[in-house]
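Inspection log for the structure reproduced underneath, given as structure tokens.
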Amino acid sequence: MAILPVEEIEATIRPPVGAPPRFWAVLLRNRKFILGATVFLGLLVLAIVGNLVIGAGARRTGAYLPNLSPGDKTLLGTTSLGQSVAAQWTQALPNSMQVGLIAATIGTVVGGLLGLVSGFFGGKVDAVLRVLIDVFLSVPSLLFLILIASLLKQTSVLSMALIIGLFAWSWPARAVRSQALTLKERPFVNIARLSGMSDIEIVVREILPHMLTWLGANFLNAFISAILAESGLSVLGLGPQRDMTLGVMIYWALSFGALFQNLWWWWLTPVLSLIVLFLSLYLVHLGLDEVGNPRLRR
Amino acid sequence: MTIRYLSERVLIFFATVLISVTIVFFIPRMVPGDPISGVLAKMAAAGGGSSGNAALVEAYKQRFGLDRSLGAQYVSYLRQLAQGDLGYSIAIFPTRVSELIRPALPWTVGLLGVTTIISWLLGSLLGAVVGWSGERSRLLRGIVPIALLLYTTPYYILAIVLVFLFAFHWTIFPLSGAYSAGATPSFTWSFAADVLKHGALPGLSIILVSLGWWFLSMRSLIISEQGQDYILWAEAKGLTRRRIFWAYAVRNALLPQTTGLALSFGHIIGGALITEVIFAYPGLGFLIYNAIKGLDFPVIQGTILLLVVSVATINFVLDLAYPLIDPRIRADSGRS
């Protein structure tokens, strides 16, 4: 057997540092992930393209006759106020996604930091944070959101996203905390500590990379819950007044009795979009889970 | 029973209640202006009638003691809450919030209680059976995607679809309400049948969605129990499969399933409240909805406070019951 240079031996026994390329290869072969991601992106692209195609004139209230069924003049029919349902949808979907994106980012970043601090440093900080996380986990956040939203004089997509984000950190915090607890006992962390790395360095360079899939799954969860919270608040009549979201669409459809006048295209469009959206995101989540946790693969 | 486990639960219960009460107290005060003028101004802007109602403003200022310091207000607020005083409605002024809650409460408790128990039991049972022997049957495996679809659908979205299908398209069930318009609530068979008929669709939408979740989580729990050593050991001992299923796999999987119930209660309540709105079901959710429409902030505040404290209490009771089903917590006190 030929004697190999040290670097080559190291390369054979040690997988490359950083996110292993295998991760993406496995992910892109996962059927659930591919299906979910395709549907999700398809919806988004459809809305964006629709937004570009539909002119401002077609978006006005009263641009069309009221209560037209799909096919006559507009793709998805019109509302009782003569708005094009398709035009509304192209704004509602990206707006709902925007709420989800902002709220989930706040929740994951804040929750992730709290979880890391709590799990990694332990001690008194951990004791306090743990109680706080437990409290916010069990508290029904939608109720507090109702309370806050009913006090705001004017809500927009952004303010919706911010208040939902306020309550979106507890799940990520708990998940990251429990991950940090197991990771900090691993040998590689001890070695890093012995080799003189500071705590911050250990967290950033040794622990964080292991949590990326985990954080990704948590981000998706937060994204789903945020859109859910937004549509729930909007159905209660607490949604943004000027911006269209999927929940706001449902609210107006219900308020105008679309269900009982058989204006099915009006309520079915946002309802179906939410169902498909949640399903696609959940599939992506399952796919990520399977890739991150090989035991789930079968 | 371990003291440590219990004291931790008691601590978390009190922390939850205190934090919730505090949030509910401070949120209205973070909005510029005093709470009552703010609400009245918003009412006036929306064309509401009772703006400038001097008696109302006076009553509120006195009740909240708005001229006093924030700390003093907080203390008196806590004292009033301890006496079960939730304040007055603005829209229907001399009526107390608690008087509005009282008739609505039984409907929500009934609807949620019944549906949660049914869906948890049925979902867990189905999930256990499918997880245990589903791999061999194509029919049973077919349930999984259906459960997934149900679970990812929000309650009120399913409710809208159900109303359209079974109350509008096929007029099997009534569109809304908890009982027929002319009926007076009484303990008679005909009234009970009426209530059941009206509760069927709201109940079904809550049951189906949560059923999906309990099914999926129980199934994956049972599947992960299947490969465990103690199951192999039980098989090697020659126990019947039925015995291993009930006394070993299900017994163990029930523990996280119960924790799941406690954790999801807040979530269930939020969704169920919106479902009530779709059906105009006269529970707390509909009360909140009407209060939102009428800008009746004290009613929203009082109802939400009651719900938050109820959820905390239910979680607390489930936590206390947990050692009864998990002998490990009873036995050792060292671990948290």
Side-chain angles (χ1 to χ4, degrees), chain A residues 128 130-132 134-153 171 174 224-225 227-229 231-233 235-238 246-247 250-251 253-254 258-262 264 267-268 270-272 274-283 285-286 295-296 298, chain B residues 8 11-12 15-16 18-20 23-24 27-28 30-31 35 38-39 41-42 45 148-149 151-154 156-158 160-161 163-164 167-169 175 220 224 262-263 265-271 273-274 277-278 285 288-289 291-293 295 297 300-301 303-305 307-308 311-312 315:
Chain A
V128 172
R130 203 159 60 94
V131 172
L132 210 60
D134 264 14
V135 167
F136 274 86
L137 270 182
S138 65
V139 139
S141 57
L142 187 72
L143 296 179
F144 287 119
L145 292 177
I146 291 175
L147 197 65
I148 299 173
S150 64
L151 276 168
L152 295 177
K153 289 209 173 64
W171 281 104
R174 179 169 114 138
I224 293 175
S225 330
I227 295 179
L228 195 64
S231 62
L233 286 174
V235 168
L236 284 174
L238 293 170
L246 292 173
I250 296 177
Y251 173 73
L254 291 179
L259 267 177
F260 313 126
Q261 297 181 52
N262 211 7
W264 53 268
W267 61 265
L268 194 61
V271 160
L272 217 55
L274 280 176
I275 295 177
V276 172
L277 185 63
F278 287 137
L279 201 58
S280 70
L281 286 170
Y282 196 69
L283 284 174
H285 187 272
L286 280 181
R295 263 177 297 178
L296 293 175
R298 267 186 296 140
Chain B
E8 201 177 278
L11 173 72
I12 288 188
T16 309
L18 194 67
I19 290 178
S20 310
I23 293 179
V24 170
I27 282 175
M30 294 198 296
V31 180
V39 172
K42 203 175 162 184
L148 192 65
L149 181 67
Y151 157 62
T152 49
T153 309
Y156 44 95
I157 296 287
L158 186 66
I160 294 174
V161 176
V163 167
F164 178 74
F168 177 75
H169 192 71
L175 285 172
S220 70
S224 65
L263 273 179
F265 231 94
H267 183 73
I268 297 175
I269 278 197
L273 292 182
I274 307 174
V277 173
I278 308 281
I288 293 178
Y289 175 70
I292 290 171
K293 281 198 149 173
L295 299 172
F297 185 74
I300 305 175
Q301 193 182 23
T303 315
I304 281 181
L305 192 64
L307 284 168
V308 171
V311 170
N315 284 344

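Please read all numbers here as calculations on a predicted model, not as lab measurements. A note on names: the letters A, B, ... follow the listed sequences, proteins ahead of strands, and every chain is numbered from 1.
The two residues Val235(A) and Tyr251(A) come nearest to each other via the heavy atoms O-CD1, 3.3 Å. In terms of heavy atoms, Pro154(B) sits closest to Leu228(A) at CG-CD1, 3.2 Å.
Residues Leu273(B) and Tyr289(B) are not in side-chain contact: their nearest non-hydrogen atoms beyond the backbone lie 4.5 Å or more apart. No side-chain heavy atom of Trp267(A) sits less than 4.5 Å from a side-chain heavy atom of Ile250(A). Side chains of Val311(B) and Thr16(B) form no contact here, defined as non-hydrogen atoms less than 4.5 Å apart. For the pair Val308(B)/Val24(B), no side-chain contact is recorded, criterion being any heavy-atom separation below 4.5 Å from C-beta on. Two residues are said to be in side-chain contact when any heavy atoms from C-beta on lie closer than 4.5 Å; Ile292(B) and Ile146(A) meet this criterion.
For the pair Tyr156(B) (side chain) and Gly232(A) (backbone), a donor-acceptor distance under 3.5 Å is present.
Counting heavy-atom pairs under 4.5 Å between each of Ile12(B), Thr303(B), Thr153(B), Leu158(B) and chain A puts Ile12(B) at the top. Between chain B and the options Ser225(A), Ser231(A), Ala229(A), Pro270(A), heavy-atom pairs under 4.5 Å are most frequent for Ser231(A). Comparing Leu236(A), Leu254(A), Val271(A), Ile275(A) by how many heavy-atom pairs each has under 4.5 Å with chain B, the most go to Leu236(A). Of all the listed residues (Ile160(B), Leu307(B), Asn315(B)), the one sharing the greatest number of non-hydrogen pairs under 4.5 Å with chain A is Ile160(B). Put simply, of Val131(A), Leu142(A), Leu147(A), the one with the most heavy-atom pairs under 4.5 Å next to chain B is Leu147(A).
Heavy-atom distances place the side chain of Val139(A), and not its backbone, under 4.5 Å from chain B. Looking at Val277(B), only its side chain comes within 4.5 Å of chain A, counting heavy atoms on both sides. Residue Leu272(A) does not touch chain B at all, counting heavy-atom pairs closer than 4.5 Å. With a 4.5 Å cut-off on non-hydrogen atoms, Tyr151(B) touches chain A through its side chain but not through its backbone. Contacts between Leu149(B) and chain A at a heavy-atom distance below 4.5 Å involve backbone atoms as well as side-chain atoms. If you measure heavy-atom distances from Leu279(A) to chain B, the contacts under 4.5 Å come from both the backbone and the side chain. Contacts of Ile224(A) with chain B are absent, with no heavy-atom separation under 4.5 Å from either backbone or side chain. With a threshold of 4.5 angstrom between heavy atoms, Ala15(B) approaches chain A through its backbone and through its side chain. Neither the backbone nor the side chain of Leu305(B) comes within contact range of chain A; no heavy atoms are under 4.5 Å apart. Residue contact with chain B, scored on non-hydrogen atoms closer than 4.5 Å, involves the side chain of Leu238(A) exclusively. Heavy-atom distances place no part of Ile268(B) under 4.5 Å from chain A, backbone and side chain included.
Every ring-ring contact (aromatic ring centres under 6.0 Å, His included) that Phe168(B) has, sequence neighbours left out, goes to Phe164(B).
Going from atom CG of Leu145(A) over to atom OG of Ser150(A) covers 10.5 Å, rounded to the nearest 0.5 Å.
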